Amino acid sequence: MPNIKDKTLNIINDNKVVLLFVILCIGAIVASGSPLTFIAGELFTRIGRNGFTVLSLLIPVLAGMGLNFGITIGAIAAQIAVFWIVYWGFTGIEGFLVSVLMATPIAILFGWLVGKLFNKMKGAEMIAGMVLGYFADGLYQLFFLFIIGAVIPVQNDTLIITGGIGVKNTIDLASNLKYSLDTVSMLTIISLSFYIVVGILALKFILRALKKIETSMIKDLILLVAAVAIYGATFIPGINGFLAMDRLLLLHGVIIGIAILIISQVWKIIDNKFIKHTEEYNIKQPIAGIVAAGLIFLLTYIGPIEEILMYVNIPVTTYLCIVVLCIFNNMLLRTRLGQNMRTVGQSRTVANAAGINVDRTRIIAMIISTVLACWGQLIYLQNIGTFSTYGAHTQVSQFAIAALLVGGASVHKATNKQAIIGVILFHTLFIVAPQAGKELFNNAQLGEYFRVFVAYGVIAVSLAMHAWKTTIKPKETDKLDSSLADS
Amino acid sequence: MRDKVNNVYQNIGLPRLIIIGFFLSMLALAAPLGLSVPNLLGDAIRRWAMYGVLVLAMVPAVQCGIGLNFGISLGIVAGLLGSIITIEVGAMNPWLSILLAMGVGIGIASILGIGYGLVLNRVKGSEVTVSTYVGFSVIAFMNILWLSLPFKSGELIWPLGGQGMRNTISLASSFGEVFNRWLDFSIGEGINGLYIPTGLIIFFLLVCFIVWLFMRSKAGIAMSAAGANPVFTKSSGINVNKMRILGTVISTVLGAVGIIVYSQSYGFIQLYNAPLWMGFHSVAAVLIGGASVDRAKISHVIIGAFLFQGILAVALPVVNKLMPDSNLSDVIRIIISNGIILYALSKTKGGSKNA
């Protein structure tokens, strides 16, 4: 059956980077001999830590600006805010929210500036973004080493180098921002969203009463009832205790995920079969989904998998943020702005002819990416718990981009899925490489260098592959040119 | 008159004027702060010639059309390998050992350069981004090799543990400062003297001259033409891809020679991550000298290397006097070198291209 063979070959060809990394990761895991529970635990921590930043790369790719090496600048915005939050003594989730409030305008300004600059260098955004990152690092150092303390008076022995000028190398976040987002419990989120839903509905009712519009209120009422029911359920002692935990056992997470999956599939069937009566509706798909969910549920009973699931705790809120960002990226595609970005990404000439303001669209893409990277860095810092003043932002773009590329993305196409797969594979390798190096060559440093090499090598190879692909087309026209010249 | 001044201003460019002004102001500040101006100038001259060949490596790359060669690390790695093999071979006359180091380095660099050129021919239009990451990854790859290559010489490997090479390897017993010491002299005495490493300067200018000659040869002109207008060059029967490979190889070879010259002047070989930023510094230096992304001349190298290294040589002690225990000069270097690269990128890509 040549058809199936071709298909598998195509799939392998399309995903060769991912497959290569899967093999590499498995090899390294075996070589390192680390227990799977340890690797899984580390991995889930790192997904929470870095997932957001990697996802911040997607929108510029969509807008045809390539991989945004300039996300370092978003990270810098975050760090400026974190310093002041620590200095002013904010703690916990309040501190985190204040730092978001403070960092966002800075990131918007930076993103706008970066976008302006990139519009002057169309076609060279990637190298420009990278050099810009280093340039911004210089300005950042200038600010933290000489402006703070010397120009802006700051008196604080724990933050400032003895002598009064310049910020210390590392700032401990343990007593203020550490885990501030990670430890927000589900209970808090549910009650918060309950108040928001009720608030919005109340506003809607008031508006409706004022304008006297006769529309059906059934949907809103159902929503209100559902919200009250969920909020009410949180007062049941058992559920309350479960939701009040800040970390969710992975096992419970998987079960909740399976439940949501099954409910959504069943809803799909009911919606299409019995409410809308869609004729051409294919019932096989949701049923396959339900079967798959059931199989996954059975898998959780297998010894080693159960062990991992019982071992790993995931920070709920952080993961929720990542999920929300994935949804945001998808939603943006459906808006007018997202469509504009896509058009600009495919061809600036066409976009221009269609009346899209190319420069403005590109700047918006940059602002969004910079702001997201800034939030990503805040999430990273609150999770890691120590703030290395002069080092935390330097590798952000390299690692995020390498992770995205490992997931199978390219310069002109990147999806949420690729970002998440990439984070998982890239960080698995990062976790096990030093141990694998130690086991194989009796030298942990070797593994360390190997993973840096992988990070850079992946970027080099995928950029080269992409450029190669894009030059094949002009080559054909070149041939035409030369044949014309010959005749 | 006004037009003339305007013309000169346009030619020099604002950032270059700022840098020249900065350099002069630092020099003017030095004397009142109690620093010896001749000493600083001597240091600037030494660094100028020491880095010069590395900066020169940008000229063939830019002229043949591959743009700013951030991947110069490839040549640097070849030069480092050459030096290390020489040390491993053992003690001999310093002149012989530097020749051997250069010979091995050039050999490796040529092979690497051909491969690198082949890659760059396939990625036309994105050479700069690709080469940057080729440079980064080759340094990371060599880090692995430096740790695991089976070299035996006691001067190379760590005394304890016996695995992996040292971060810095002394060249005292091989070719340390051979060029520097040849015909060197000092104007004035002691710390106030102006030390001139004649051999080093002669060597740097000699390499410049050779490249200058090459650029005026038939092959050199063909190469520049291939970089300036590939389509036209092709129609006149020149193989553009071959010319690009030639330029890449020469650039890589100059990188290898450059790092050997640099190391002999410094007295040490630096392995691991030390050469990571040399590509950026060379690019910044040639751009300060007046080169653009698609045009570079020998004069740009000579001027640029002096200004860039001069600022470092002069600003470092001056800033240290002004603000002790700070690395402000390092920060200034980061800002200047990356700022000038950004400026050059924004100048050439104007934004109108396939808008």
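These numbers come from a predicted model, not from an experiment.
Residues in residues 126-145 of chain A take part in these side-chain hydrogen bond (donor to acceptor under 3.5 Å, both in side chains) pairs, two or more places apart or across chains: Q79(A)-Y140(A), Y134(A)-Q398(A), D137(A)-Q141(A), D137(A)-H393(A).
Annotation: maximal heavy-atom pairing with chain A below 4.5 Å, among S137(B), P230(B), G135(B), occurs at S137(B). Residue with the most contacts toward chain B among F69(A), F453(A), F450(A), F118(A): F453(A) (heavy-atom pairs, distance under 4.5 Å). The choice from G66(A), A464(A), G133(A), A136(A) that makes the most heavy-atom pairs within less than 4.5 Å of chain B is A464(A). Taking I459(A), V461(A), L463(A) one by one and counting their heavy-atom pairs under 4.5 Å with chain B, the maximum is reached by I459(A). Chosen from V138(B), T132(B), V134(B), L120(B), the residue pairing most often with chain A at heavy-atom distances under 4.5 Å is T132(B). Taking G237(B), S337(B), G339(B), S148(B) one by one and counting their heavy-atom pairs under 4.5 Å with chain A, the maximum is reached by G339(B).
The CD1 atom of I127(A) lies 8.5 Å from the CG atom of L68(B); values are rounded to the nearest 0.5 Å. Atom CZ of residue F135(A) and atom OH of residue Y343(B) lie 13.0 Å apart, to the nearest 0.5 angstrom. Once rounded to the nearest 0.5 Å, the distance linking CG of L67(A) with OG1 of T129(B) reads 10.0 Å.
Heavy atoms of V131(A) lying under 4.5 Å from chain B belong to its backbone as well as its side chain. When heavy atoms are compared at a cutoff of 4.5 Å, L117(A) approaches chain B solely by way of its side chain, counted from C-beta outward. Only the side chain of L145(A) comes within contact range of chain B, with heavy atoms under 4.5 Å apart.
Every residue meeting the ring pair (Phe, Tyr, Trp, His ring centres under 6.0 Å) condition with Y51(B), not counting sequence neighbours, appears here in chain and number order: Y262(B).
Within the 4.5 Å cutoff, side-chain heavy atoms of L342(B) are placed close to those of M121(A). Looking at M130(A) and F280(B), their side chains come closer than 4.5 Å, going by heavy atoms from C-beta outward. Side chains of N143(B) and V452(A) form no contact here, defined as non-hydrogen atoms less than 4.5 Å apart.
Under a cut-off of 6.0 angstrom, the local environment of NZ in K242(B) is sparse, with at most 12 non-hydrogen atoms contributed by other residues, nucleotides or ligands. For R166(B), the CZ atom sits in a packed shell: over 12 heavy atoms of surrounding residues, nucleotides or ligands are nearer than 6.0 Å. Residue W277(B) places its CH2 atom among more than 12 non-hydrogen atoms of other residues, nucleotides or ligands, all under 6.0 Å distant.
Nearest heavy atoms, V331(B) versus G138(A): CG1-O, 3.2 Å.
With ring centers used as reference points, Y456(A) lies 6.0 Å or more from F141(B).
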